[in-house]
Amino acid sequence: MSETTRIIPKPKKNKIGLWFIYSALLLIYIWAFSGMGLPEIKQTAGQISKAIFSGIFHPDWNYISEPGGEDLLHGLLDTLAIAILGTFISAFLCIPFAFWSAANMSKGRAIPSFGKFALSFIRTFPELVMAIMFIKAVGPGSFAGVLALGLHSIGMLGKLFSEEIENMDSGPTEALIATGANRIQTLWFAIIPQVIPGFLSYTLYRFEINVRSATILGVIGAGGIGTPLIFALTSRDWNRVGIILIGIIVMVTMIDLISGYLRKKFI
Amino acid sequence: MIEFIDVSKTYPNGFQGLKKINLKIEKGEFVVIVGLSGAGKSTLLRSINKLNEITDGEILIDGISITDATGADLRRIRRDIGMIFQNFNLVKRSTVLRNVLSGRVGYHSTWRTIFGLFPKEDENLAFDALERVNILDKAYTRADQLSGGQQQRVSIARALAQEAKIILADEPVASLDPLTTKQVMDDLQRINQELGITTIVNLHHVELAKEYATRIIGMRAGEVVFDGPAAKADDETFAEIYGQGIKESGLLGESVS
Amino acid sequence: MNPEQKRTIPPSPSKIKGYITAILFIILIWGSSVKTESSIGEFIVGFPNIMDLLGQMFPPNWGYFNNITDAMLETIRMAVIGTTFGAILSIPVTLFSASNLVQNAWIFYPVRFILNLIRTIPDLLLAAIFVAIFGLGSLPGILSLTVFSIGIIAKLTYEAIESIDQGPLEAMTAVGANKIQLIVFGVIPQVLAYFISYILYTFEINVRAAAVLGLVGAGGIGLFYNKTLGFLEYDKASSIILYTLVVVLFIDFISTKLREKLI
Ligand SMILES: Nc1ncnc2c1ncn2[C@@H]1O[C@H](COP(=O)(O)OP(=O)(O)O)[C@@H](O)[C@H]1O
Ligand SMILES: [Mg+2]
């Protein structure tokens with residue numbers, strides 16, 4: 001976020017522009033709300049909310065660890081493993097994309113623009129849809145989830161990495177070229193050392209996001225804690241829903257803390 | 001020996017940075033190029049190792065044209081030319097040693113350098129170079145933890161480890177304070193005298209030029225307007241290089257009567 | 001005698017820490033691949049299936065665009081409404097989270113704690129829960145986007161408030177302004193542009209999110225993924241993806257332009 005929050009006072013003359021924006025907003029809202037109609041709230045809604053809350057406050061503690069292994073800890077561990085491996089794969093795969101889309105790595109503008117578009121496309125392709133497709137390829141289970149996260153995360157990581165490359169100092173590159181280094185040596189000695197800390201930090205940031213995403217993959221059968229959660233939700237086993245939610249919240253919070261600590265160390 | 005034959009440079013926007021330059025710089029000379037900001041000093045210096053491509057004429061290094069050289073041939077010529085920049089251009093997050101060793105990469109295969117398999121002699125060269133500029137004790141320190149003067153000495157060590165026959169320095173002291181300026185310039189002078197490395201330095205400071213140069217080249221608007229031994233450069237000469245304004249500006253120091 | 005022994009080369013730093021980190025990292029990756037039963041072999045075996053699938057996705061079924069336009073519009077509506085409600089609700093949350101407005105740590109820490117709790121739950125998970133409560137439809141989608149938006153907008157905005165120029169606030173306190181006057185005349189002018197910019201940013205995220213909420217039954221175009229993929233109609237699925245891409249890029253473009261104007 002920007003350091004300074006001071007706002008430069010705008011001259012009054014764009015009043016017409018403002019009115020235009022206000023009217024546009026008004027129209028958008030009229031359109032949005034009139035299209036929705038009045039929500040029909042199921043009569044059971046209150047009951048179910050109450051049941052969920054009571055489930056959260058009376059969680060099914062036994063589910064944390066069960067002899068069969070189909071328990072919360074295994075589910076969370078599986079979720080974590082999906083996120084770790086998916087992030088790892090995407091951190092590697094996004095590197096060529098990042099160099100491809102960084103404006104200072106090629107002469108013209110066409111090549112990086114095309115790379116940026118490709119990354120945009122990958123980002124918009126929903127990870128759940130990717131997961132469904134990978135399930136067709138490798139069968140249901142965590143591996144499909146890993147592949148989906150690994151592919152989908154390229155979109156965001158590639159963009160962040162390419163911005164890191166664009167922001168680096170070109171001085172060392174020039175110095176290496178002047179010593180007679182070839183392109184690969186210049187890359188390795190001048191560019192990589194500069195961008196690695198940023199890459200690591202962004203990878204951790206994406207890992208935080210992927211842990212969250214991995215909790216939901218189970219909904220479509222791609223492994224993780226989402227599978228038992230959706231079972232518990234459909235079978236209205238609120239106490240189990242409660243313990244799973246608590247488990248997710250605790251895990252995500254811990255990961256955020258650890259990852260945040262590591263990220264501070266890198267920069 | 002460096003030879004400029006009718007060298008001209010026109011930037012893509014049409015601006016003429018160098019106009020028909022003809023120069024010969026002999027081995028072992030300590031040349032200082034002076035001139036106003038924008039006179040074309042950097043353009044001239046950077047054309048010697050082809051960081052800037054000239055648009056006309058030819059530059060010969062020991063009789064070989066760098067102007068025509070490309071690919072591996074070009075890298076081979078560059079390997080013999082060390083460069084020192086105003087902003088040091090070190091990899092800030094790497095150690096001093098790694099920065100100095102990066103001067104050696106031109107000598108080895110890509111794979112060898114990527115895996116960090118520099119031969120023992122290279123490390124010795126790096127340590128020698130660091131010792132010569134008096135920062136051997138900082139070998140394993142990260143470059144960004146050094147002061148500006150120390151960083152510039154690391155970049156000199158990089159050029160030394162490169163076993164350069166020519167050192168080009170583009171305003172090497174412009175971002176340093178007077179004391180470190182003297183240390184860095186002394187280092188350059190000592191290296192020039194002890195190792196016989198041809199040294200070409202861009203400066204905009206007349207006093208420094210007179211103190212260190214064996215030969216001064218004055219530039220103005222892309223042309224060489226003075227070229228001679230430092231002893232022959234008097235106030236009139238500098239007035240011509242810098243325009244008459246220099247007498248009032250006090251740039252000449254005491255010599256203004 | 002070697003010449004290098006005459007000088008004192010500083011000892012090279014120990015590399016043990018690096019080795020340990022590397023080993024731990026390899027164990028982590030290896031363990032994860034065992035746990036998820038990932039194998040490159042399986043991927044290679046399954047690869048033709050993926051190519052086959054991609055083959056079936058092209059060309060997209062262009063005619064299908066007509067069928068899904070209504071759902072696309074519903075998706076945008078959900079994002080608009082969810083973002084708006086989220087923005088409104090995030091105002092009080094923001095004010096109570098900013099440590100320079102509420103000097104009482106007993107207030108801003110608990111509020112921030114709840115804010116962080118909200119941020120741990122992904123939008124799709126919220127949607128799945130709301131679907132369980134309210135049934136299928138766009139209502140649970142809107143609610144989950146609302147809650148999700150609070151998490152983003154409130155966090156960004158309270159951080160902006162904490163970094164504002166304290167000068168005007170102190171000057172106003174000195175002339176005896178009360179809390180509300182302080183906020184209206186001292187804080188809002190300084191952060192309004194940021195607040196609006198964060199709302200737009202959240203809107204961009206919400207459009208993408210709303211496009212998949214349907215997968216858990218929370219309305220919008222995502223419902224059609226279930227329909228088409230369930231019946232193996234991949235050409236239709238790719239139409240949905242392309243349509244979403246066009247809409248998302250268009251909205252991103254406008255929103256980014258507006259945000260650049262704001263700040
Ligand atoms: N890339 C460029 N494109 C156009 N003009 C340039 C470029 N680089 C330098 N110049 C111009 O060439 C002239 C000489 O620049 P330079 O060699 O950097 O001067 P000096 O180093 O003596 O200060 C300046 O007028 C500068 O504006
Ligand atoms: Mg210059």
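Letters A, B, ... mirror the listed sequences (proteins, then strands); counts begin at 1. Computation of the quantities below employed the complete heavy-atom set of this structure, encompassing side-chain atoms and omitting hydrogens, waters and symmetry-equivalent molecules.
With rounding to the nearest 0.5 angstrom, the CG atom of A/Leu25 is 8.5 Å from the OG1 atom of C/Thr84. To the nearest 0.5 angstrom, C/Trp30 atom CH2 is 13.0 Å from A/Leu85 atom CG. Rounding to the nearest 0.5 angstrom, the gap separating the OG atom in C/Ser38 from the CG atom in A/Leu147 is 6.5 Å. With rounding to the nearest 0.5 angstrom, the CD1 atom of C/Ile50 is 11.0 Å from the CE atom of A/Met130.
For residues 216-225 of chain A, no residue pair satisfies the salt bridge (charged side-chain N to carboxylate O under 4.0 Å, His left out) rule, not counting sequence neighbours.
Heavy atoms of A/Ile132 lying under 4.5 Å from chain C belong exclusively to its side chain. If you measure heavy-atom distances from C/Glu42 to chain A, the contacts under 4.5 Å come from both the backbone and the side chain. For C/Leu73, the parts sitting under 4.5 Å from any heavy atom of chain A are the backbone and the side chain alike. When heavy atoms are compared at a cutoff of 4.5 Å, A/Ile216 approaches chain C solely by way of its side chain, counted from C-beta outward. Residue C/Ile44: no heavy atom, backbone or side chain, is found under 4.5 Å from chain A. There is no contact between C/Phe47 and chain A, counting heavy-atom distances below 4.5 Å. Contacts between A/Val219 and chain C at a heavy-atom distance below 4.5 Å involve the side chain alone, from C-beta outward. Both the backbone and the side chain of C/Phe134 have a heavy atom closer than 4.5 Å to some heavy atom of chain A. Residue contact with chain C, scored on non-hydrogen atoms closer than 4.5 Å, involves the backbone and the side chain of A/Phe121 alike. If you measure heavy-atom distances from C/Leu53 to chain A, the contacts under 4.5 Å come from the side chain alone. Interface residue C/Leu139: only side-chain heavy atoms are found under 4.5 Å from chain A. In this structure, no portion of C/Met51 lies under 4.5 Å from any heavy atom of chain A. The parts of A/Leu77 that come within reach of chain C are both its backbone and its side chain, each placing non-hydrogen atoms under 4.5 angstrom from that chain.
Comparing C/Ser39, C/Ala209, C/Ser138 by how many heavy-atom pairs each has under 4.5 Å with chain A, the most go to C/Ser39. For the set C/Leu245, C/Val248, C/Leu229, the count of heavy-atom pairs under 4.5 angstrom toward chain A peaks at C/Leu245.
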Test side chain to side chain contact (heavy atoms under 4.5 Å, CB included) applied to C/Ile76 and A/Trp31, step by step: CA-CA 11 Å; C/Ile76 301 173; A/Trp31 167 77; 4.0 Å; yes

Side chain to side chain contact (heavy atoms under 4.5 Å, CB included) between C/Arg77 and A/Tyr29, worked out: CA-CA 9 Å; C/Arg77 278 194 202 104; A/Tyr29 278 119; over 6 Å; no

Intermediate values then yes/no, side chain to side chain contact (heavy atoms under 4.5 Å, CB included), A/Phe117 and C/Leu249: CA-CA 10 Å; A/Phe117 178 78; C/Leu249 288 184; 3.7 Å; yes

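Considering only heavy atoms from C-beta on, A/Leu229 comes within 4.5 Å of C/Leu125 through its side chain. Residues A/Ile249 and C/Leu117 meet the side-chain proximity criterion, which asks for heavy atoms closer than 4.5 Å. With contacts defined as side-chain heavy-atom distances shorter than 4.5 Å, the pair C/Leu28/A/Ile84 qualifies. Between A/Ile248 and C/Thr120 the shortest side-chain heavy-atom distance does not fall below 4.5 Å. By the 4.5 Å heavy-atom criterion applied to side chains, A/Lys136 and C/Asn49 are not counted as neighbours. Taking the side chain as every heavy atom from C-beta outward, A/Leu245 and C/Ile129 approach each other to under 4.5 Å.
Relative ring orientation between C/Phe43 and A/Phe143 is described as perpendicular, the plane-to-plane angle rising above 60° on a 0-90° scale split at 30° and 60°.
In terms of heavy-atom proximity, C/Met57 sits nearest to A/Met133 at SD-CE, 3.7 Å.
The side-chain hydrogen bond (donor to acceptor under 3.5 Å, both in side chains) search around C/Arg208 returns A/Thr124, C/Asp252, not counting sequence neighbours.
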